[in-house]
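In what follows, every chain begins at residue 1, and chains take the letters A, B, ... in the order their sequences are listed. Everything quoted here is computed from the prediction, not taken from an experiment.
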There are 2 protein chains.
Amino acid sequence: MSLAASRGRPESSGRPTLYKQIRLDIERRILTGEWPPGHRIPFEHEIMARYRCSRMTVNKALSELAQADLIERRRRAGTFVRRPQYLSAVLKTPDIRAEITTLGRAYGYELISRARRSANAGDRERLGVKGARKVIAITCRHNADGVPFALEDRLIDLEAVPGAASADFAADPPGSWLLHHVPWTEAEHAISAIVADKPTAGALDIATGAACLVIERHTWRKARPITAVRLIYPGESHRLVARFKGS
Amino acid sequence: MSLAASRGRPESSGRPTLYKQIRLDIERRILTGEWPPGHRIPFEHEIMARYRCSRMTVNKALSELAQADLIERRRRAGTFVRRPQYLSAVLKTPDIRAEITTLGRAYGYELISRARRSANAGDRERLGVKGARKVIAITCRHNADGVPFALEDRLIDLEAVPGAASADFAADPPGSWLLHHVPWTEAEHAISAIVADKPTAGALDIATGAACLVIERHTWRKARPITAVRLIYPGESHRLVARFKGS
DNA sequence: GGCGAGATTATGTATAGACATATGGCCCCG
DNA sequence: CGGGGCCATATGTCTATACATAATCTCGCC
């Protein structure tokens, strides 16, 4: 008997494998909101009829989506789109505004400085690049309910993001702007702790010598550095929380 | 023909399903460092002989591990344990010994105190339980190349892990012991920063008032608390690194 | 020795069928 | 109307087999 790859498929396009196609189709519908959280996905039975494939193939696609926590499967009841992904979104989200508003607190933003300059040695090292180029350097502060929440010190590589030159970051924080304008493919975070020096303490309204949590995030798009940011949080009042499932 | 569940299995215990058993066996060997990054996992062919099951069953286990980025599969070459999973290595691994040895440093361990007691109010709150019960409280230190790496302060719920009562944690750190004896299903981490007080600074061989990174981890097995641990790392010399792919 | 073609092999995808298991719903009984 | 038990059903696991694909290895040719 012929393989599915040689048969017609409802929404064919390139041609990954069949199960991957099914997986992507469903994924797309979930991510675009066409199938909102709680929505019941068609039964395996219906999907296999739709794609004219065996149940194992459908099952493989759905199992992967379940492992990725996009859907939830319940015997006898069916398969459902999962509620929002709680958790380590803190680390995955490059957007502090979203982080604060999901906590139900009022977001505030203050631009402290913004400069356009040729990258110096320190800038190049932070971005992990070698050649000469222009960068934008920004420092700003994020507040939650009027209280300092985090200090941000960011570099943007203008060679990778030319559009940033014409953006003033007076109203929107650079993280949000970048998120909307430049999709990233890879990000690396380093978390460490420091004690606040006098200027940092002043900006965060904490005592000099208090502990701070530092998150340094580097973001790339296809191996090309986009931005490097250093976020300083008051250490004892802020906690990064992440939840994992084991097996 | 009889199902695999009715056949003998090499390292049987409770009895998840066969593929899950295979997955857990491999996972354990990776997380404990028995199979270090780069190690070639037995071929599907060998695993199916070992568990006397069909290739599809082995394949399902390996596919899930691959999706979780714990292993990497290469046609014709075989299946390999992936290189340090930064985040996953640090946050997902409840085993500091494995973390240090993957860094290529010599692991050292010192038990500082071990006590068995009835849980007091603070213990119950840390574990997130209400009723009376016995717990084991442990403090110990992990070293890398002879230098203090982290301080550990741990509570183990004896109701969930009765076997811990008969384990002395003189040679093996409790994290490793638990990993070998109690599979977890969920874990939550909270990361914060503190300044070292005098005893902490002394134990970590750093200056009083230096910044420290604190990781508090709670682990459950099917909604039942197993252990709560607080790890203190020297803050400026230690960085938690996490890398994400964007899609 | 260097190189390309082909054989080999491990994984990747897919099939059809079988039985296991959990559970939402229904029906019946009190 | 409430509760208990049974049944239908959707997912969960597993088998045995087949062919696809990619990469390594080998061998023979120049």
**OP:** When you get a sec, tell me which of D/dG12, C/dT11, D/dT15 is the closest nucleotide to the side chain of B/C53?
**Re:** D/dT15

Original post:
Between the side chains of A/E64 and A/Y19, does any donor sit under 3.5 Å from an acceptor?
Top reply: yes

Subject >> A/T57, nearest nucleotide to its side chain (from D/dA16, C/dA14, C/dT13) >> reply: C/dA14

Original post:
Between the side chain of A/H218 and the main-chain N/O of A/R126, is any donor-acceptor distance below 3.5 Å?
Top reply: yes

**OP:** Ignoring hydrogens and angles, answer whether the base of D/dA8 and the side-chain atoms of A/R76 contain a donor-acceptor pair closer than 3.5 Å.
**Re:** yes

Original post:
Under 4.0 angstrom, heavy atoms only, what part of the nucleic acid is B/T79 near: base, sugar-phosphate, or nothing?
Top reply: sugar-phosphate

Original post:
Closer than 4.0 Å, any side-chain N/O of A/K20 to the OP1 or OP2 of C/dT13?
Top reply: yes

Original post:
Of the candidate nucleotides D/dT11, C/dA14, D/dT24, which contains the atom at the shortest distance from the side chain of B/M56?
Top reply: C/dA14

Original post:
Which nucleotide, C/dA16, D/dG12, D/dA18, lies nearest any side-chain atom of A/R55?
Top reply: D/dG12

Subject >> Nucleotide of D/dT11, C/dG12, C/dT15 approaching B/R75 most closely (side-chain heavy atoms) >> reply: C/dG12

Subject >> Phosphate-side-chain proximity, A/S54 and C/dG17, N/O vs OP1/OP2 below 4.0 Å >> reply: no

Subject >> side-chain N/O B/T17 vs D/dG12 OP1/OP2, d < 4.0 Å >> reply: no

**OP:** Between A/A77 and B/I41, name the one whose nearest nucleotide on DNA chain C is closer to the 5' end.
**Re:** B/I41

**OP:** May I ask you to decide if B/W35's main-chain N or O and B/R29's side chain share a donor-acceptor pair within less than 3.5 Å?
**Re:** no

**OP:** For atom CZ of B/R116, decide whether the heavy atoms of other residues, nucleotides or ligands shown that lie under 6.0 angstrom number more than 12.
**Re:** no

